[in-house]
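Being a predicted model, the structure only gives us computed values, none of them experimental.
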Amino acid sequence: DPGHGGIDPGCHGALNRHEKEIALEISRQVFLDPALKGYQVLMTRTGDNALTLAERTERAATWGADLDVSILRNSSASGEARGPETYVLA
């Protein structure tokens, strides 16, 4: 589940890019390893589209997912909080 997307760009920072772009890029890379090992891997978004939290969890439930991993790259205005954040729902 690549975080953000569409009209929700997330934070803006590293390399003058938005979080939605970085999250999608990381998710594509994470997708490859288990897919190549024979696991069925589905992504909530594969392009720059917006999904609500409810839509994201609904997709995982509809798919009967054993694991739902949401990938984000966060920062705060103060600069005190930053870095990767990953939610896992098993």
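Ala54 approaches Thr57 most closely through the heavy-atom pair O-OG1, 3.1 Å.
The backbone N or O of Ile26 lies less than 3.5 Å from no partner atom in the side chain of Gln29, so there is not a single donor-acceptor pair. Glu19 places a side-chain N or O within 3.5 Å of a backbone atom of Cys11 that can act as its donor or acceptor partner.
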Can you list, pair by pair, the side-chain donor-acceptor contacts under 3.5 Å of residues 38-46, counting residues two or more places apart and other chains?
{"from": "Thr44", "atom 1": "OG1", "to": "Asp1", "atom 2": "OD1", "distance (Å)": "2.6"}
{"from": "Arg45", "atom 1": "NE", "to": "Pro2", "atom 2": "O", "distance (Å)": "3.1"}
{"from": "Arg45", "atom 1": "NE", "to": "His4", "atom 2": "O", "distance (Å)": "2.9"}
{"from": "Arg45", "atom 1": "NH1", "to": "Gly47", "atom 2": "O", "distance (Å)": "2.8"}
{"from": "Arg45", "atom 1": "NH2", "to": "Gly3", "atom 2": "O", "distance (Å)": "2.9"}
{"from": "Arg45", "atom 1": "NH2", "to": "Lys20", "atom 2": "O", "distance (Å)": "2.9"}

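Under the side chain to side chain donor-acceptor pair (under 3.5 Å) criterion, Glu58 pairs with no residue at all, not counting sequence neighbours. Not counting sequence neighbours, Thr62 has no partner by the side chain to side chain donor-acceptor pair (under 3.5 Å) test.
Taking CZ of Arg59 as the start and CD of Glu55 as the end, the distance is 6.5 Å to the nearest 0.5 Å. Note that NZ of Lys37 and CG of Leu32 are 11.5 Å apart. Values are rounded to the nearest 0.5 Å. Put simply, CD1 on Ile71 and CZ on Phe31 are 12.0 Å apart, with the number rounded to the nearest 0.5 Å. If you take CG on Asp48 and CG on Asp8, they are separated by 10.0 Å, rounding to the nearest 0.5 Å.
In the hydrophobic clustering of ILVMFWY residues, with side-chain heavy atoms under 4.5 Å counting as a link, Ile22 and Val69 come out together.
Environment of CD1 in Ile7: sparse, with no more than 12 heavy atoms of neighbouring residues, nucleotides or ligands closer than 6.0 Å.
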